[in-house]
Amino acid sequence: MSTNQDSGQAEVIDLNKKSYKGSIDVLKTPQPHSLPVTMASSPTKVIIVGCGVAGPVLACILKSKGFRPVVYERIKRDSDGGISLMLQSNGLRVLALIPGLLEQLPGQVENHMAFYSTVPGHEELLGEYTLETPLDTVGTMNNSVNSVGMGIRRHDFLHVLSGTATKAGVEIHYEHKVIDVQQEADIVHVKFENGTTDTASFVVGCDGIHSNTRISLFGKEEASYTGLTQLGGFSPSPKSWSHKNAMVNYFGEETHMISYQIGPDLNSWAITRREAEHKETWRAVDDSILEELKKDPVSKWGFGAGELVQTAKKMIKYGLYDRPELKTWHKGRVILIGDAAHPTSPHLGQGANQALEDVYHLVRVLLKHSPSVGEPSMGALKDAFEEFESIRLPRTSSLVKQARQTGEKTRVIKGTAACLARNEAIRAIWENPKVSVQSLANARSGPFEGESEI
């Protein structure tokens, strides 16, 4: 979502002019992990549906291995939607496999966490922790957790990824919405809403929570509203904020807020609360909702939270929905990854990072079961896809459940007594930060230790 350039608004990242290298120059792509190009006599064509996070990264790596990936995206080039995301160690570890990519990321590395109570009459700091070592490729490659992660505006991140894929020679076609996928013994036919069709040896659907590839494989499913909405936006970093390079959580009564930097003087934030159902549009709200929020009690919160709301120029509002958990992610020559396979609520910040883990393991098993990078047999694909699921299904299922429980048990709590009990639990957690940091390490470990296998 782009923000207005009104007077007083923090400057929004312009990828054509600057990349805030000063905030991320510790991120250097490790040369030992650069991807050697493998040439096949006749490149195997792969259709990748979706040019979000996973799609262009998968395309770049497959291209370097000798495949011919073609990416199809349903929306227009550089369309603006979503807010921001936190790239964590596991996701950065995969991005580091593409030479030169980390240096291009226009984000802000966070190394501090703070937790505040904003319950009326009980406003206080519950805990904070500074990770001693800044994020670097040593920590990234060795699975250590030495930073909170990198906060980055989603639109700018996707711009870098699609640009990197294009420079690598990957075909990307925008405004191509999948409406049908049909399979034969050794080929897949993909039909688009604009009347065009294409074929490939196999198809990877990474077209997000509204995946048409998933519908084509398993039929339309009913999404159930969780009862929670999020409203988020961008604001100048609060002048009253004592934290730099920080992710801050605010725990109120029936309301939770999180904020982190996505640039030297720019913050992203999101408010979660229980409300009537709201669509998953991920598009900007009108000015009336913006002005209404500025009169909301959250706009009076301390510790910089209220200032973020008061200075916001544009916001997005969306409902949080659950979808049925799939028992398998593939059928024949078509497989799902990322949110198309395992959509999750945002409370752990692992959605994009798990999609990147998917990319790594999918490439690894494809190379293992079809090392010649020629046209894979149905048997080779079946073995690769089944091994992929045996690794990824248990991990993503666990994290999806953890994210849901985090939202229900800590984010939006009703009643002062229950809120104060939650606050004490948070305080106790950060009184022993070594245990808490180890918990972070468990979530952010993977997808490999030491040297990459691809």
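Since the structure is predicted, the reported quantities are computational estimates derived from the model, not experimental observations.
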Chemist: Is there a donor-acceptor contact under 3.5 Å from the side chain of Ser299 to the main chain of Gln310?
Modeler: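 No; judged by distance alone, with no hydrogens or angles, the pair does not exist.
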Chemist: Going by atom types only, do Thr199 and His189 share a side-chain donor-acceptor pair under 3.5 Å?
Modeler: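 No pair is found: no donor N or O on one side chain lies under 3.5 Å from an acceptor on the other.
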Chemist: Between Arg364 and Glu387, is there a salt bridge with N-O shorter than 4.0 Å?
Modeler: yes
Chemist: Parallel, tilted or perpendicular: which one describes the rings of His176 and Tyr72, with boundaries at 30° and 60°?
Modeler: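 Judged by the thresholds at 30° and 60°, the geometry between His176 and Tyr72 is tilted.
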Chemist: Which atom pair, heavy atoms only, marks the closest approach of Val94 to Leu356?
Modeler: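 Heavy atoms of Val94 and Leu356 come nearest at CG2-O, 3.4 Å.
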Chemist: Where do Asn267 and Ser237 come nearest, in terms of heavy atoms and distance?
Modeler: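 For Asn267 and Ser237, the tightest heavy-atom pair comes out as OD1-OG, 2.6 Å.
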Chemist: Between Thr406 and Gln402, is there a side-chain donor-acceptor contact under 3.5 Å, judged purely by atom types and distance?
Modeler: no
Chemist: So, are Glu221 and Arg214 salt-bridged, with charged N and O less than 4.0 Å apart?
Modeler: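 The answer is yes: the pair qualifies as a salt bridge.
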Chemist: Using only atom types and a distance under 3.5 Å, with no angle test, would you say the side chain of Arg411 pairs donor to acceptor with the backbone of Leu228?
Modeler: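 No; judged by distance alone, with no hydrogens or angles, the pair does not exist.
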Chemist: For the pair Glu357 and Arg93, find out whether any cationic side-chain nitrogen is under 4.0 Å from an anionic carboxylate oxygen.
Modeler: no
Chemist: Evaluate the ring planes of Tyr116 and Tyr250, with Trp represented by its six-membered ring, and classify them as parallel (under 30°), tilted (30 to 60°) or perpendicular (over 60°).
Modeler: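 Ring orientation, 0 to 90° scale: parallel.
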Chemist: Out of His342, Gln88, Arg392, which one pairs with Gln354 under the side-chain hydrogen bond (donor to acceptor under 3.5 Å, both in side chains) rule?
Modeler: Arg392
Chemist: Please name the pair of heavy atoms, one in Lys220 and one in Ile215, separated by the smallest distance, quoted to 0.1 Å.
Modeler: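 Minimum heavy-atom separation between Lys220 and Ile215: N-CG2, 4.0 Å.
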Chemist: NZ of Lys45: more than 12 outside heavy atoms within 6.0 angstrom?
Modeler: yes
Chemist: For Asp358 and Ile337, indicate whether the former's side chain and the latter's backbone hold a donor-acceptor pair under 3.5 Å.
Modeler: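 Here the side-chain-to-backbone pair does not exist.
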Chemist: In the structure I gave you, are the side-chain heavy atoms of Leu217 and Gln183 within less than 4.5 Å of one another anywhere?
Modeler: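 Counting from C-beta outward, Leu217 and Gln183 do come under 4.5 Å.
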Chemist: Go through it in stages, so that I can follow the logic: the residues are Tyr360 and Ser452, the test is side-chain contact (heavy atoms from CB on, under 4.5 Å), and I'd like the CA-CA distance, side-chain angles, deciding distance and then a yes or no.
Modeler: CA-CA 9 Å; Tyr360 174 83; Ser452 163; 3.4 Å; yes
Chemist: So which pairs with a foot in residues 328-350 pass salt bridge (Lys or Arg N to Asp or Glu O under 4.0 Å), sequence neighbours left out?
Modeler: none
Chemist: Using only heavy-atom distances, determine whether the side chains of Tyr174 and Glu73 contain a donor-acceptor pair under 3.5 Å.
Modeler: no
Chemist: Regarding Ser201 and Glu375, do their side chains bring together a donor and an acceptor under 3.5 Å, going by distance alone?
Modeler: yes
